[in-house]
Number of protein chains: 2
Amino acid sequence: MVQYESPPLDLSFAALSDATRRGIIDQLGRGDASITSLADKFQMTLTGMKKHVQVLERAGLVVTQKVGRVRTCKLGKRGLKAEAEWIEAHRRLFEARFEALDEIISEMKQEGSDD
Amino acid sequence: MVQYESPPLDLSFAALSDATRRGIIDQLGRGDASITSLADKFQMTLTGMKKHVQVLERAGLVVTQKVGRVRTCKLGKRGLKAEAEWIEAHRRLFEARFEALDEIISEMKQEGSDD
DNA sequence: TATACACTGAACCATATGGTTCAGTATGAA
DNA sequence: TTCATACTGAACCATATGGTTCAGTGTATA
């Protein structure tokens, strides 16, 4: 029996699982943007865009600040460090598995039913 | 107006957004496993575990093979390359943003309402 | 052959997601 | 003051998620 938690990774990977939200990050990399300008760019209602931004904000990937009537979104200082670390560590894990001898052997004598 | 797609990243990031599934990848890194052994290790019903494995399989992160009555799960050869690339590219993007001059300036003269 | 084991599928449940519309509120400009 | 802009919140909708139970099916084993 093993225990696993770490909500931050849950939130950020979930945030990254949507193409629109990855696009928003792309866009904010080219400069800060208001909700309205993002909504225009991604052909979506203001309300819809606000929800996406909130998801990114909860994940710490984006920070927003409202000045006057416009809310400006920018990339969060938190960055993607934790995510990069998890991915890198496990990418090595994947590779290690395939270099293992028993893998090569079972690859050679590969038979048996599948579905 | 911008168009964004790429279902593979959608699927894999979504798969990685659950701590149990990240744990399964961890576990498979230490050796192949049956649905039953995974279900035991994560204190979950067989049916529940099967669903998690299916999510990982759809994302290409895990492959399974049924021999006799046991379905063996192993890490997929696809790996985490595409995910690592996206994360790395955007991690640099985050950092570039913070090195930009206007960031430093606006950080200094930081005022204005927030919520 | 009888029994146990490993999985599978259908059905259900509560909650979350990704989107919308509609009706505000607050702010800036004329 | 009036009007447009920029956002906000509530409500709704269809679908997905993460889990369960229950009733199978197929495969080993005694």
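Below, chains carry the letters A, B, ... as their sequence lines are ordered, and counting in each starts from 1.
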Query raised in the report: Rounding to a whole Å, what distance do you find between Ile24(A):CD1 and dG19(C):C1'?
Result: 13 Å

Query - Closest non-hydrogen atom pair, Leu16(B) against Leu80(B) - result: CD1-CD2, 4.1 Å

Query raised in the report: Is any side-chain nitrogen or oxygen of Arg21(B) closer than 4.0 Å to OP1 or OP2 of dG18(D)?
Result: yes

Query - Residue pair Lys41(B) / Gln27(B): nearest heavy atoms and the distance that separates them - result: NZ-NE2, 3.4 Å

Report summary line: From CG of Asp18(B) across to P of dG18(D) the rounded distance in Å is 5 Å

Query raised in the report: Side-chain N or O of Arg71(A) less than 4.0 angstrom from OP1 or OP2 on dT8(D)?
Result: yes

Report summary line: 5'-most contact on DNA chain C (nearest-nucleotide basis), Ala14(A) vs Ile35(B), goes to Ile35(B)

Query raised in the report: Does dT8(C) have OP1 or OP2 sitting under 4.0 Å from an N or O in the side chain of Lys50(B)?
Result: yes

Query raised in the report: Quick one: which of dT27(C), dT20(D), dG19(C) gets closest to the side chain of Met44(A)?
Result: dG19(C)

Query raised in the report: Considering only dC5(C), dG18(D), dC12(D), which nucleotide approaches the side chain of Lys51(B) most closely?
Result: dG18(D)

**Report entry** Selection from dA6(D), dG19(C), dT20(C) that lies nearest to any side-chain heavy atom of Thr20(A)
**Finding:** dG19(C)

Query raised in the report: Does Thr47(A) make a side-chain donor-acceptor contact with the base of dG9(D), cut-off 3.5 Å?
Result: yes

Query raised in the report: Taking the nucleotide of DNA chain D with the closest heavy atom to each, which residue, Arg69(A) or Arg58(B), is nearer the 5' end?
Result: Arg69(A)

Report summary line: note: Gln65(B), atom CD; dT8(C), atom P; distance rounded to Å ~ 13 Å

Query raised in the report: Tell me: CE of Met49(A) to C1' of dG19(C), nearest whole Å?
Result: 12 Å

Query raised in the report: Roughly, in whole Å, what's the span from CZ in Phe13(A) to P in dT17(C)?
Result: 16 Å

Requested in this report: Ignoring hydrogens and angles, state whether a donor on the side chain of Glu83(A) or Ser12(A) is under 3.5 Å from an acceptor on the partner side chain.
Outcome: yes

Requested in this report: Would you mind reading off the distance between Asp10(A) atom CG and dA16(C) atom C1', rounded to a whole angstrom?
Outcome: 13 Å

Report task. Tell me which of Ser37(A) and Ser17(B) sits closer to the 5' end of DNA chain D, going by the nucleotide each one is nearest to. Result -> Ser37(A)

Query raised in the report: Is Glu95(B) paired with Lys77(A) through a side-chain N to carboxylate O contact shorter than 4.0 Å?
Result: no

**Report entry** Positive for side-chain contact (heavy atoms from CB on, under 4.5 Å) with Leu28(B), one of Ile25(B), Asp32(B), Ile24(B), Asp26(B)
**Finding:** Ile24(B)

Query raised in the report: With respect to the phosphate group of dT8(D), does any side-chain polar atom (N or O) of Lys66(A) fall under 4.0 Å of OP1 or OP2?
Result: yes

Requested in this report: Using a 4.0 Å heavy-atom cut-off across all strands, classify Leu46(B) as base, sugar-phosphate, or nothing.
Outcome: base

